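Below you'll find the structure, written out as structure tokens, and then a few comments.
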Amino acid sequence: MTVDSPPTSDAPVLDDDPFGTEVLTDPYDFHRRLRDAGPVVFLPRYGIYAMGRFEEVKASLQDWETFVSSRGAGLADFAKEKPWRPPSLLLEADPPDHTVVRTAMNGVLSPRTMRTLRERFAAPAREIAERLVEQGTFDAVTDLAEVYPLRVFPDAVGLPEEGRENLLPYGGLAFNAFGPDNELRRNALATAAPVQSWIWEQCQREHLAPGGFGAQIWEAADRGEITHEQAPMLVRSLLTAGLDTTVYGIANTVYALSRFPDQWAQIHAQPAKAKFAYDEALRWESPVQTFFRTTSRDVDVAETTIPEGTKVLLFLGSANRDPRHWGEDAEQLDISRRTAGHVAFGMGIHQCVGQPVARLETELVLSALAERARTIEPAGEPTPKLNNTLKGWASVPVRVVPA
Ligand code: OVM
């Protein structure tokens with residue numbers, strides 16, 4: 001093949017744009033067609049391969065030697081184009097480099113750290129839930145999902161108060177930047193410079209309060225687990241991936257439960273079931289819909305040979321609804337389902353390192369709400385929020401009836 005010939009493949013082909021408004025707004029019909037077309041599908045629009053079935057998505061996530069991350073987790077191939085920012089040492093790295101920083105990060109975001117945070121995270125969760133239930137009608141995004149993580153997470157990192165309004169835009173930017181050069185990505189990058197420079201400044205040691213995740217990362221450098229050059233980059237990972245993800249996760253969970261009243265009834269009766277509701281909601285509407293990998297060699301998947309150096313788009317959100325794995329009721333929200341193995345947090349060596357924090361936040365705020373609200377129902381049309389990677393809502397009006 002010459003450089004100018006159109007990319008071709010004998011794999012099944014879909015002409016859809018997975019980053020177009022239609023699919024980003026409501027991806028589920030496309031997911032179905034993607035899964036039904038085959039285990040691996042060619043998308044000529046971008047000259048990439050895509051996988052939407054659970055089995056192949058999971059296998060690819062686990063095979064980090066073939067499906068590498070060091071060439072970027074977005075459409076851009078770092079072997080061919082300059083990344084929009086210095087690559088993440090975690091997300092956009094392979095072993096052995098990845099292993100060292102990941103081990104240090106696991107230490108900071110450990111179960112032991114979570115135990116020390118539980119009480120500090122619980123009080124604001126109760127306070128917010130109480131106020132919203134009293135209010136009766138509220139927006140699950142702007143009054144809850146964007147409020148609670150911002151109350152607890154920046155303090156847990158040890159950030160200064162000033163400039164925190166940059167955090168959500170930066171996360172939105174980073175997740176849009178995984179996509180193609182479309183309007184979402186261009187608009188996000190156009191206004192990025194001041195946000196980026198604020199973020200990088202906060203990653204430096206002098207801005208990070210003692211005891212927080214940020215200071216603990218720097219202490220790991222003092223102990224020689226990582227270098228002092230790596231420390232601010234790992235703080236940057238926290239600031240990139242630690243906030244939007246939980247905002248979308250909480251909003252999507254409340255959205256899901258407000259559409260399945262019998263499932264809310266179960267967590268109202270037993271608020272300890274909030275953690276099962278969270279996993280099932282993440283499966284049902286995964287905040288992180290897609291990640292790319294790049295092939296490090298020619299690899300056969302089913303009947304198709306994917307050539308070396310090809311971008312492969314893995315549809316986490318589609319794998320999580322694949323009836324081949326989850327059964328014919330995959331599109332139903334059922335908090336009693338065995339959700340273990342869902343790929344909403346990824347799978348394998350890159351599986352979300354912040355997962356314990358996300359779980360702590362969501363379980364606390366959801367159980368606080370479930371205790372106080374007997375029912376929850378839609379109180380108006382939700383407004384989608386479009387992002388090249390994240391699936392979620394700008395607004396989800398709901399009404400609750402106090403217990
Ligand atoms: C990072 C990172 C990790 C996971 C997701 C992500 C923007 C970023 O290390 O910066 O999305």
Side-chain angles (χ1 to χ4, degrees), residues 18 23-24 26-28 30-32 34-35 50-62 67 69 73-74 90-91 109 140 145 149 171 174-175 178 240-257 259-260 263 273-293 313-327 329-363 365-366 385 387-393:
V23 175
L24 294 181
D26 183 0
Y28 300 117
F30 171 69
H31 288 171
R32 209 169 298 123
L34 175 67
R35 291 188 302 258
M51 300 183 194
R53 296 186 186 176
F54 181 84
E55 193 186 327
E56 286 78 18
V57 167
K58 176 182 167 180
S60 304
L61 288 170
Q62 289 178 323
F67 297 94
S69 291
L90 282 164
L91 181 74
L109 303 171
F175 281 102
F178 292 127
T240 310
L243 203 63
D244 280 67
T245 47
T246 54
V247 168
Y248 278 69
I250 292 168
N252 289 7
T253 302
V254 174
Y255 171 81
L257 291 163
R259 267 66 190 168
F260 291 88
Q263 303 298 301
K273 285 186 176 168
K275 62 160 158 292
F276 303 113
Y278 182 41
D279 272 304
E280 173 63 350
L282 290 177
R283 182 197 69 79
W284 187 75
E285 185 153 79
S286 308
V288 178
Q289 286 280 305
T290 50
F291 268 128
F292 287 85
R293 295 291 189 256
L313 183 50
L314 304 177
F315 282 80
L316 312 178
S318 169
N320 281 337
R321 282 181 176 228
D322 183 359
R324 294 161 191 79
H325 181 79
W326 302 102
D329 70 342
E331 308 212 337
Q332 296 299 308
L333 189 82
D334 173 3
I335 72 167
S336 68
R337 185 193 299 275
R338 294 159 66 110
T339 57
H342 74 69
V343 292
F345 288 114
M347 178 70 74
I349 63 166
H350 289 282
Q351 189 176 57
C352 179
V353 69
Q355 197 175 150
V357 192
R359 290 187 179 283
L360 181 64
E361 287 180 24
T362 311
E363 286 165 28
V365 82
L366 188 61
K385 178 151 65 193
N387 182 284
N388 280 328
T389 303
L390 300 169
K391 164 86 175 86
W393 307 98

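Quick caveat, the model's predicted, so the values are computed rather than measured.
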Distance-only polar pair, side chains of E285 and Y28, donor-acceptor under 3.5 Å: yes
Heavy-atom pair with the smallest gap, counting every atom of A140 and V254: CB-CG1, 3.7 Å
Single hit among R32, R337, R259 for salt bridge (charged side-chain N to carboxylate O under 4.0 Å, His left out) with E331: R32
Proximity of W284 and F260 rings by center, below 6.0 Å: yes
Intermediate values then yes/no, side chain to side chain contact (heavy atoms under 4.5 Å, CB included), L314 and T290: CA-CA 6 Å; L314 304 177; T290 50; over 6 Å; no
Flag side-chain contact, heavy atom, 4.5 Å: P287 against L282: yes
Residue pair H325 / E55, side-chain heavy-atom distance below 4.5 Å: no
R338, CZ atom: more than 12 neighbouring heavy atoms under 6.0 Å: no
Side-chain donor or acceptor of T246 paired with backbone N/O of L243 under 3.5 Å: yes
Flag for S60-R293: side-chain donor and acceptor within less than 3.5 Å: no
T240 versus A174, closest heavy-atom pair with distance: CG2-CB, 3.3 Å
Lys/Arg cation over aromatic W326: R283, 6.0 Å, 45° cone: yes
Closest contact, heavy atoms only, Q289 versus P27: OE1-CG, 3.8 Å
Check: F178 ring centre within less than 6.0 Å of F292 ring centre: no
Point-to-point distance, once rounded to the nearest 0.5 Å, from CG of L390 to NZ of K385: 8.5 Å
Full working for side chain to side chain contact (heavy atoms under 4.5 Å, CB included) between Y248 and W393: CA-CA 8 Å; Y248 278 69; W393 307 98; over 6 Å; no
Heavy-atom pair with the smallest gap, counting every atom of N320 and S286: ND2-OG, 2.9 Å
Heavy-atom check, side chain of M51 versus side chain of F67, under 4.5 Å: yes
Worked verdict on V343 versus F54 for side chain to side chain contact (heavy atoms under 4.5 Å, CB included): CA-CA 8 Å; V343 292; F54 181 84; 4.2 Å; yes
Shortest non-hydrogen contact from S69 toward L91: CB-O, 3.3 Å
Exam field: side chain R35 to backbone R53, donor-acceptor pair closer than 3.5 Å: no
OH on Y278 to CG on N252, rounded to 0.5 Å: 9.5 Å
Flag side-chain contact, heavy atom, 4.5 Å: V357 against E361: yes
Side chain to side chain contact (heavy atoms under 4.5 Å, CB included) between I250 and L366, intermediate numbers included: CA-CA 8 Å; I250 292 168; L366 188 61; over 6 Å; no
Exercise: identify the closest heavy-atom pair between V288 and L316: O-CD1, 3.6 Å
Backbone of G346 reached by a side-chain donor or acceptor of Q351 within 3.5 Å: yes
F276 atom CZ, neighbour heavy-atom count above 12 within 6.0 Å: no
Non-hydrogen side-chain atoms of D279 and R359 separated by less than 4.5 Å: yes
Check: F315 and L34 side chains under 4.5 Å, non-hydrogen atoms: yes
Donor-acceptor contact below 3.5 Å, side chain Q263 vs main chain I335: yes
